[in-house]
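Remarks on the structure that follows.
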Amino acid sequence: QVQVVESGGGLVQAGGSLRLSCTTSGLRFGSYAMGWFRQAPGKEREGVSCIGSSRDDPRYTDSVKGRFTISRDNAKNTLYLQMNRLKPEDTAMYYCAARSTELCGSIWGLSGDYNYWGQGTQVTVSS
């Protein structure tokens, strides 16, 4: 049984930082591209970032470029998202997802292409 579990969310002031983690079990983590998505109330789920199975091909949505960094530790089956200079508009539920491809590719932001999802961790940024 595949499990995907996010952690690290919380309440932070604008300009602050958070580090999200995502641990997996039941899948060959090193064979999956991994993504972070987020969904704010009343909005559609959007792709935030993706990283290839070999820690390559990192992708970011424009609004987080230069502020967020995605990384992974295949030995620990863990994905990370370092979020710096947070803004109130970053407030959302953040989800980790696994995709059965090696690279993220140009359509990395399509949530339907991901095979496994976590339950999410809430990030709230106060102004």
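In what follows, residues are counted from 1 in the order of the sequence shown.
Take Ser100 and apply the side-chain contact (heavy atoms from CB on, under 4.5 Å) test, not counting sequence neighbours, and it matches Tyr32, Asn115.
Gly66 and Arg85 get closest at one heavy-atom pair: O-NH2, 3.2 Å. Closest approach of Ser127 and Pro88 over heavy atoms only: CB-CG, 3.9 Å. Considering all non-hydrogen atoms of both residues, Cys96 and Met34 come closest at SG-CE, 3.5 Å. For Thr69 against Tyr60, the heavy-atom pair with the smallest separation is CA-OH, 3.4 Å. Here the shortest heavy-atom pairing between Gly35 and Tyr114 reads N-CE2, 3.9 Å. Arg99 and Trp108 make their closest contact through NH1-CA, 3.6 Å (heavy atoms, listed as atom of the first residue, atom of the second, distance).
Leu79 and Val64 fall within a single hydrophobic cluster, where Ile, Leu, Val, Met, Phe, Trp and Tyr side chains are chained together by heavy-atom contacts under 4.5 Å. When the side chains of ILVMFWY residues are joined at heavy-atom separations under 4.5 Å, either directly or via intervening members, Val123 and Tyr80 end up in two distinct hydrophobic clusters. Residues Val48 and Ile51 share a hydrophobic cluster, clusters being chains of Ile/Leu/Val/Met/Phe/Trp/Tyr side chains in contact below 4.5 Å. Tracing side-chain contacts under 4.5 Å through hydrophobic residues (I, L, V, M, F, W, Y), one reaches Tyr94 starting from Val12; they form part of the same cluster.
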Ring pair (Phe, Tyr, Trp, His ring centres under 6.0 Å) between Trp36 and Phe68, intermediate numbers included = CA-CA 11 Å; Trp36 286 102; Phe68 290 10; 9.9 Å; no
Evaluate side-chain contact (heavy atoms from CB on, under 4.5 Å) for Gln39 paired with Tyr95, printing each intermediate quantity in order.
-> CA-CA 8 Å; Gln39 188 167 19; Tyr95 298 91; 4.3 Å; yes
Under 3.5 Å, which donor-acceptor pairs link side chains of residues 14-31 to any protein atom two or more places apart or in another chain?
from, atom 1, to, atom 2, distance (Å)
Ser17, OG, Asn84, OD1, 3.0

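With rounding to the nearest 0.5 angstrom, the SG atom of Cys104 is 11.5 Å from the CG atom of Asp113. Here CD of Gln13 is found 13.0 Å from OG1 of Thr124. Values are rounded to the nearest 0.5 Å.
The main-chain N or O of Gly52 is found under 3.5 Å from a side-chain atom of Arg72 such that the two form a donor-acceptor pair. Of the possible polar contacts, none joining the Asn74 side chain to the Ser54 backbone as a donor-acceptor pair under 3.5 Å is found. Using a distance-only test at 3.5 Å, with no hydrogens or angles considered, no donor-acceptor pair links the side chain of Gln119 to the main chain of Glu6.
Counting heavy atoms of neighbouring residues, nucleotides and ligands inside a 6.0 Å radius, atom CD of Gln82 exceeds 12 of them.
Here the side chains of Asp90 and Met83 are not in contact, with every heavy-atom distance at 4.5 Å or above. Between Gln122 and Thr91, the closest side-chain pair of non-hydrogen atoms falls below 4.5 Å. Contact check for Leu81 versus Ser49: side-chain heavy atoms found under the 4.5 Å cut-off.
We find that Asp62 and Lys65 are joined by a salt bridge, their nearest charged nitrogen and carboxylate oxygen being less than 4.0 Å apart.
Screening Glu46, Glu44, Glu89 for a salt bridge (Lys or Arg N to Asp or Glu O under 4.0 Å) involving Arg38 leaves a single residue, Glu46.
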